[in-house]
Amino acid sequence: MPEGAAQSVERQLPTEEARDLFALVRELVQREIAPHAAAEEEAGHFPRELFTLLSESGLLGLAYDSEFGGGDQPYEVYLQVLEELAAARLTVGLGVSVHSLACHGLAGYGTKEQQAEHLPDMLGGGLLGAYCLSEPSSGSDAASLRTKAVREGDDWLVTGTKAWITHGGIADFYTVLARTGGEGAHGVTAFLVPGDAEGLTAAVPEKKMGMKGSPTAQLHFDGVRVSDARRIGDVGQGFAIALSALDSGRLGIAACAIGVAQAALDEAVAYATERKQFGRPIADFQGLRFMLADMATQIEAGRALYLAAARLRDAGRPFSKQAAMAKLLCTDTAMKVTTDAVQVLGGYGYTLDFPVERFMREAKVLQIVEGTNQIQRMVIARHLAGPDSR
């Protein structure tokens, strides 16, 4: 099957507007993303011009208010768009998710003046964002971050290093979490930092096993001056803002994972129905038929879970536990399904001639980003049994 062929997914969309949106997305995928995905990933090319097109098409701000240039779409629609984009190329789907994550703080906690000044360009003005929470010594233990912001008149001077930053070095703006007070979660504040700020530099991008087209780099802040007008929320509120963003961001990762898994399943089914051994298609053999059935069932379960969490979010109800569950199940599913897809294709699955090996390499990172799956289990258990008593 040609890479990027239409997914075998029947979408349950709430409005005619959403159905029109999906027609646009699928056309864009077929014309602009799928034909170039394999070659550009192998070359490590980040498609910045494509993100400009996505912005112009209204796809970078789908879940945000139209008052500031967003698409006014419910999260259940936005996430399914992410799934479609990630199925064609994870660098694109995950990139849109990260950009949305970077906009979350200002959209949810900024003042009306801040929102009016910055959000139109962030959501539909061609800008690309990044989210800066992790550091070399604080990944899962994000509350122990060390990057500092010191008040100086009407400005803040930000000093420190952020790590594992998607779009690091190429983003136009960064949502940055920095320590403005004492130790722990209550001493953290959020800032909106321009990508060209003086004193802000990026390290050489990490060399990764997958998602080679998506730059991931450390960022160094050497006394970067940020106006207090770019502080998001109250002083000391940053960690709460970060956790709120991560709940939504985890659903984005879940949707991307299901997109990758669906793409792998579609490739496996197409191969199994065309490849013949012993005089008949290998899809006739029960062992493979059962593998494909399990893969499809796991994908449907993951999709149902992330959509259920999204509908809670859309209804204004708590969804943190369900977001962690969705991130956990969907990314574990992506790892299992992509590994099985390689097995279905046999030796061909291990070659660059077919995309399933790339899907498998990409699936692995989804079990790590925006909270490892071990952290998701801790979050879920905390909702069930309360905080650890130690």
Side-chain angles (χ1 to χ4, degrees), residues 7 9 33 37 41 46 75 78-102 130-131 133-134 139-140 142 163-168 206-216 245-268 295 298-307 309-310 322-342 355-380:
Q7 286 186 269
V9 180
I33 303 177
E41 281 299 319
F46 179 74
Y75 227 65
Y78 159 69
L79 292 179
Q80 291 183 83
V81 170
L82 279 189
E83 183 188 329
E84 294 272 338
L85 295 174
R89 186 178 178 189
L90 183 58
T91 285
V92 178
L94 187 68
V96 173
S97 181
V98 167
H99 175 85
S100 184
L101 182 71
Y131 184 77
L133 177 61
S134 295
S140 296
W164 310 112
I165 307 304
T166 300
H167 304 157
E206 307 288 350
K207 296 180 179 179
K208 300 173 296 186
M209 69 181 284
M211 286 196 69
K212 296 178 181 179
S214 176
T216 304
L246 286 175
D247 281 342
S248 296
R250 284 166 180 163
L251 291 182
I253 299 302
C256 287
I258 292 302
V260 172
Q262 183 69 56
L265 173 63
D266 290 346
E267 290 287 342
M295 293 159 72
Q298 291 157 9
I299 290 169
E300 288 290 349
R303 183 178 291 118
L305 184 54
Y306 89 62
L307 286 174
Q322 288 80 3
M325 288 176 167
K327 199 273 184 181
L328 170 64
L329 178 66
C330 293
T331 59
D332 280 354
T333 291
M335 193 72 250
K336 177 68 165 60
V337 167
T338 56
T339 301
D340 285 349
V342 171
V356 291
E357 62 83 28
R358 171 164 61 86
F359 297 153
M360 186 177 75
R361 289 185 287 107
E362 291 175 340
K364 184 63 217 177
V365 76
L366 298 174
Q367 295 179 301
I368 300 171
V369 296
E370 295 195 29
T372 67
N373 282 6
Q374 287 68 36
I375 290 295
Q376 304 313 312
R377 289 176 169 90
M378 291 174 61
V379 171
I380 296 163

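Quick note: residue numbers are just sequence positions, from 1.
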Q) For Gln262 and Val337, what are the C-alpha separation, side-chain angles and deciding distance, and is it a side chain to side chain contact (heavy atoms under 4.5 Å, CB included)? A) CA-CA 8 Å; Gln262 183 69 56; Val337 167; over 6 Å; no
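- The salt bridge (Lys or Arg N to Asp or Glu O under 4.0 Å) test applied to Lys336 returns Asp340, not counting sequence neighbours.
- Atom CG of Asp266 and atom CZ of Phe359 lie 9.0 Å apart (nearest 0.5 Å).
- Note that the OG1 atom of Thr339 and the CD atom of Glu357 stand 12.0 Å from one another [nearest 0.5 Å].
- A salt bridge links Asp332 with Arg377: the closest approach of a Lys/Arg side-chain nitrogen to an acidic carboxylate oxygen falls below 4.0 angstrom.
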Item to complete: Go through the steps for Leu90 and Leu366 under the test side chain to side chain contact (heavy atoms under 4.5 Å, CB included), then give the verdict.
Response: CA-CA 10 Å; Leu90 183 58; Leu366 298 174; 4.2 Å; yes
Can Leu329 and Met325 be said to form a side chain to side chain contact (heavy atoms under 4.5 Å, CB included), step by step? CA-CA 6 Å; Leu329 178 66; Met325 288 176 167; over 6 Å; no
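- Of all heavy-atom pairs spanning Ala245 and Tyr131, the tightest one is CB-OH, 4.1 Å.
- Heavy atoms only, all atoms of each residue included: Ser214 and Thr166 are closest at OG-CG2, 3.6 Å.
- Within the 4.5 Å cutoff, side-chain heavy atoms of Gln80 are placed close to those of Leu307.
- Using a 4.5 Å heavy-atom cutoff, the side chains of Ser140 and Thr372 are in contact.
- Side-chain atoms of Val369 and Thr331, non-hydrogen and from C-beta on, never get closer than 4.5 Å to each other.
- Taking OG1 of Thr91 as the start and CE of Met211 as the end, the distance is 4.0 Å to the nearest 0.5 Å.
- If you take CG on Leu85 and CD1 on Ile33, they are separated by 5.0 Å, rounding to the nearest 0.5 Å.
- Summarising the geometry, atom OG1 belonging to Thr338 is positioned 12.5 Å from atom CD belonging to Glu267; distances are rounded to the nearest 0.5 Å.
- Between Glu41 and the options Lys212, Arg358, Arg89, a salt bridge (charged side-chain N to carboxylate O under 4.0 Å, His left out) holds for only Arg89.
- Thr216 pairs in a side-chain hydrogen bond (donor to acceptor under 3.5 Å, both in side chains) with only one of the listed residues (His167, Glu206, Lys208), which is Lys208.
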Less than 3.5 Å apart, which donor and acceptor atoms pair up between the side chains of residues 249-261 and the rest of the protein, not counting sequence neighbours?
from   : atom 1 : to     : atom 2 : distance (Å)
Arg250 : NE     : Glu370 : O      : 3.1
Arg250 : NE     : Gln376 : OE1    : 3.4

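- The SG atom of Cys330 sits 15.0 Å away from atom CE of Met335, with the distance rounded to the nearest 0.5 Å.
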ask   = What do the steps show when you test Tyr306 against Leu79 for side chain to side chain contact (heavy atoms under 4.5 Å, CB included), and what is the final call?
value = CA-CA 8 Å; Tyr306 89 62; Leu79 292 179; 3.6 Å; yes
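- Across all non-hydrogen atoms, the minimal contact from Asp247 to Ala323 is O-CB, 3.4 Å.
- Partners of Tyr75 under the ring pair (Phe, Tyr, Trp, His ring centres under 6.0 Å) rule, at least two apart in sequence or in another chain, are Tyr78.
- Nearest heavy-atom pair across Ala264 and Val356 is O-CG1, 4.3 Å.
- Of all heavy-atom pairs spanning Thr333 and Ile299, the tightest one is CG2-N, 4.1 Å.
- Between Ile368 and Lys327 the shortest heavy-atom distance is N-NZ, 3.9 Å.
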